[in-house]
Amino acid sequence: MNDQTQTHTQTKTQHQTRHRTLIAVSAAAALLAGTVSLSACSSATEQTAGTGSESGPLQDRMQSLVDAGYPAALASVTGPDGRSIEVAAGIGDLATDEPAPVDGEVRIASNTKMFVATVVLQLVEEGTVALDAPIDTYLPGLVTGSGIDGTRITVRQLLQHTAGLPEYADQIAADAFAAQERYISPRDMLDIALAKPAVFAPGERWEYSNTNYLVLGLLIEAVTDRALPQQIDERIVEPLDLEHTYFPAPGERELRGAHPKGYHAKTVGELLDITALDPSFAWSAGAMVSTPHELDVFMQALLDGDLLDEESLAEMQTTVPAGDELWPEASYGLGLQRYPLSCGGAAWGHGGDIPGTQTRNAVGPDGTAVTIAVTSLPWAVVSPDDNERLMEQYRIVVDALDATLCER
């Protein structure tokens with residue numbers, strides 16, 4: 001297939017290992033028999049007219065991810081002035097061989113946590129919520145269990161993953177194809193988590209748990225008397241004029257706009273279409289949809305102080321150590337992660353995994369935002385029993401993010 005290149009100008013409108021990202025369940029919408037062979041389709045959108053030299057290195061990085069086995073890779077680089085370059089490589093639909101669309105919609109998984117944390121901190125600014133108040137203040141008697149006491153767990157600890165709450169998603173995620181059309185309520189998911197004992201005492205240490213953000217979603221609804229998706233839409237999406245960023249409605253399984261299909265596997269390498277799914281299992285921990293460019297716009301607005309005041313942003317960027325094999329010196333704030341860069345300085349963002357999509361994204365020291373999305377998780381194309389290869393499959397996406405922020 002031939003490369004397709006389009007040119008336009010866009011203006012600004014105002015890692016984790018498997019246990020640290022939202023690993024959720026869903027089921028295949030369509031079966032693709034046999035092992036998939038990927039061809040080198042690619043496309044690009046640039047900020048200026050010309051030969052494509054500005055998008056070349058980014059295009060090459062995305063193609064390298066496809067060459068490594070991901071069906072497609074999308075990326076956006078948005079400068080501090082709002083001008084952007086978007087590229088896509090690989091196949092967007094393995095059944096038809098259509099190339100991946102530039103800046104297509106993808107499920108952004110745990111990047112949803114940045115949106116939820118932003119709403120919580122806005123409520124703190126409004127005096128409705130206090131960071132160091134116990135969650136029992138807002139959800140009385142709800143957060144309780146073996147070693148779990150909502151009178152001892154603060155809102156800050158939930159935001160920062162230092163609350164010690166057990167994970168709910170690991171149990172729901174036992175079979176990624178088991179619950180594509182199944183709705184599960186936030187309260188049912190919380191019951192699954194609270195049936196387990198506390199992992200540690202509140203404030204004792206850091207450990208990522210999607211349950212923390214499940215509780216924060218319930219907090220937002222309790223104090224605003226409105227649905228979480230409405231709060232995110234009114235407070236973030238509409239002010240930033242994000243046309244392809246949304247929290248799916250109950251029962252909404254299809255993506256609304258142009259998108260690459262996401263793939264997962266029962267047998268490694270035999271990729272199955274898992275695009276259409278009920279994301280209720282992810283809810284406030286990771287249900288949202290966006291595009292690479294719109295995720296850039298959101299991150300820039302957040303870090304530029306367009307959504308939070310200076311004090312709130314400082315709280316959000318107060319971190320605890322949260323390093324792992326991919327980014328040993330990483331740290332975690334209030335719904336925001338700090339990543340040291342190979343070229344010096346640090347970037348701020350989050351990232352997320354959900355069957356069919358992996359996103360890695362951050363804003364660098366100069367204000368440039370980068371989002372990369374690939375259309376499968378590593379263990380769909382690499383054996384989950386081969387930890388070395390699995391980690392390398394994760395690492396190449398992280399390295400592409402680092403290289404783009406450092407070199408562009």
Asks: Where is the tightest heavy-atom contact between Trp348 and Leu303, given as atom of each residue plus distance?
Replies: CB-CD1, 3.8 Å
Asks: Of the non-hydrogen atoms in Gln300 and Gly79, which two are nearest, and what is the gap between them?
Replies: NE2-O, 3.1 Å
Asks: Testing the basics here: between Leu336 and Gly349, what is the closest heavy-atom pair and its distance to 0.1 Å?
Replies: CD1-O, 3.6 Å
Asks: Do Gln230 and Glu234 have a side chain donor and acceptor closer than 3.5 Å?
Replies: yes
Asks: Looking at Arg226, I want to see if its CZ is surrounded by more than 12 non-hydrogen atoms of other residues, nucleotides or ligands under 6.0 Å.
Replies: no
Asks: Tell me, with the steps shown, if Asp309 and Ser312 meet side chain to side chain donor-acceptor pair (under 3.5 Å).
Replies: CA-CA 5 Å; Asp309 64 25; Ser312 294; 3.0 Å; yes
Asks: Please determine whether the number of non-hydrogen atoms from other residues, nucleotides or ligands lying under 6.0 Å from atom CZ of Arg395 exceeds 12.
Replies: yes
Asks: Taking the basic N atoms (NZ, or NE/NH1/NH2) and the acidic carboxylate oxygens, is any pair closer than 4.0 Å for Asp132 and Arg156?
Replies: yes
Asks: To the nearest 0.5 Å, what is the distance between CG (Leu165) and CG (Leu214)?
Replies: 9.5 Å
Asks: Report the residue from Ile232, Val116, Leu295 that forms a side chain to side chain contact (heavy atoms under 4.5 Å, CB included) with Met288.
Replies: Ile232
Asks: Kindly indicate whether the side chain of Ser209, heavy atoms from C-beta on, has any atom under 4.5 Å from the side chain of Val199.
Replies: no
Asks: Between the main-chain N or O of Ala400 and the side-chain N or O of Thr404, is there a donor-acceptor pair closer than 3.5 Å?
Replies: yes
Asks: One thing to verify: whether Glu407 and Arg61 come together as a salt bridge, which I'm taking to mean a side-chain N less than 4.0 angstrom from a carboxylate O.
Replies: yes
Asks: Quick one: are Met114 and Asn361 in side-chain contact, heavy atoms under 4.5 Å?
Replies: yes
Asks: Measure the shortest side-chain to side-chain distance between Thr118 and Phe298 over non-hydrogen atoms and say whether it is less than 4.5 angstrom.
Replies: yes
Asks: Ring-plane angle category for His161 and Tyr213, please: parallel below 30°, perpendicular beyond 60°, tilted otherwise.
Replies: tilted
Asks: How many angstroms lie between OH in Tyr263 and CD1 in Ile91, if you round to the nearest 0.5 Å?
Replies: 8.0 Å
Asks: Would you give the length of the straight line joining atom CG of Leu377 to atom OH of Tyr70, rounded to the nearest 0.5 angstrom?
Replies: 8.0 Å
Asks: Considering only heavy atoms from C-beta outward, does the side chain of Thr78 approach that of Arg83 to under 4.5 Å?
Replies: no
Asks: Checking Lys113 against Asn210: is there a side-chain donor and acceptor pair closer than 3.5 Å?
Replies: yes
Asks: Salt bridge check, Asp170 against Lys196: does any charged N sit closer than 4.0 Å to a carboxylate O?
Replies: yes
Asks: Of all residues at least two apart in sequence or in a different chain, which pass the side chain to side chain donor-acceptor pair (under 3.5 Å) check with Thr371?
Replies: Asp296
Asks: Grab the two heavy atoms, one from Pro166 and one from Ile148, that are nearest each other, plus how far apart they are.
Replies: CD-CD1, 3.7 Å
Asks: To the nearest 0.5 Å, what is the distance between CG (Leu190) and CG (Leu142)?
Replies: 5.0 Å
Asks: Shortest non-hydrogen contact from Ala88 to Pro101?
Replies: CB-O, 3.7 Å
Asks: Thr162 vs Gln157, test: side chain to side chain donor-acceptor pair (under 3.5 Å). Steps then yes/no.
Replies: CA-CA 5 Å; Thr162 57; Gln157 289 166 342; 5.0 Å; no
Asks: Pairing donors with acceptors under 3.5 angstrom, does anything connect the side chains of Ser84 and Glu86?
Replies: yes
Asks: Is Ile108 close to Phe115 at the side-chain level, that is, under 4.5 Å between some pair of heavy atoms?
Replies: yes
Asks: Enter the distance from Arg107:CZ to Thr112:OG1 here, rounded to the nearest 0.5 Å.
Replies: 10.5 Å
Asks: Can you see whether Asp188 engages Ser185 through a side-chain donor-acceptor pair at a distance of less than 3.5 angstrom?
Replies: yes
Asks: Under 3.5 Å, is there a donor-acceptor pair linking the side chains of Asp402 and Ser342?
Replies: yes
Asks: Examine Tyr332 together with His350 and report whether their ring centres are nearer than 6.0 Å.
Replies: yes
Asks: For residues Leu123 and Ile220, determine if any side-chain heavy atom of one lies less than 4.5 Å from a side-chain heavy atom of the other.
Replies: yes
Asks: Between Glu207 and Arg205, does at least one N-O distance fall below 4.0 Å, as a salt bridge requires?
Replies: yes
Asks: Indicate yes or no for a side-chain donor-acceptor contact from Gln122 to the backbone of Leu307 under 3.5 Å, with no hydrogens or angles considered.
Replies: yes
Asks: Let me see the working for Met62 and Leu74 under side chain to side chain contact (heavy atoms under 4.5 Å, CB included), right down to the final yes or no.
Replies: CA-CA 7 Å; Met62 295 308 99; Leu74 286 66; over 6 Å; no
Asks: Should we count CD of Glu388 as having more than 12 external heavy atoms under 6.0 Å?
Replies: no
Asks: Side-chain contact, heavy-atom cut-off 4.5 Å: Thr154 with Ile135?
Replies: no
Asks: Do other residues, nucleotides or ligands put more than 12 heavy atoms under 6.0 Å from Arg338 CZ?
Replies: yes
Asks: Tell me whether the count of non-hydrogen atoms from other residues, nucleotides or ligands lying under 6.0 Å of CD in Glu392 goes above 12.
Replies: yes
Asks: State whether Glu98 and Lys261 are salt-bridged, where the test is any N-O pair (Lys NZ or Arg NE/NH1/NH2 against Asp/Glu carboxylate O) under 4.0 Å.
Replies: no
Asks: Please check if the number of heavy atoms outside Glu238 that lie under 6.0 Å from its CD is greater than 12.
Replies: yes
Asks: Whether the side chain of Glu221 engages the backbone of Leu228 through a donor-acceptor N/O pair (distance < 3.5 Å, no angle test) should be reported.
Replies: yes
Asks: Verify whether one side chain among Tyr246 and Ser290 offers a donor that lies under 3.5 Å from an acceptor in the other.
Replies: no
Asks: In terms of side-chain heavy atoms, does Glu105 have a donor or acceptor partner in Thr291 at a distance below 3.5 Å?
Replies: no
Asks: Can you confirm whether Tyr339 sits close enough to Leu326 that some side-chain heavy atom of one is under 4.5 Å from a side-chain heavy atom of the other?
Replies: no
Asks: Would you kindly say whether Glu294 and His244 are connected by a side-chain donor-acceptor distance under 3.5 Å?
Replies: no
Asks: Can you tell me how far CD1 of Ile274 sits from OG1 of Thr375, rounded to the nearest 0.5 angstrom?
Replies: 12.0 Å
Asks: Return the minimal non-hydrogen interatomic distance between Leu158 and Ala163, and the atom names on each side.
Replies: CD2-CB, 3.9 Å
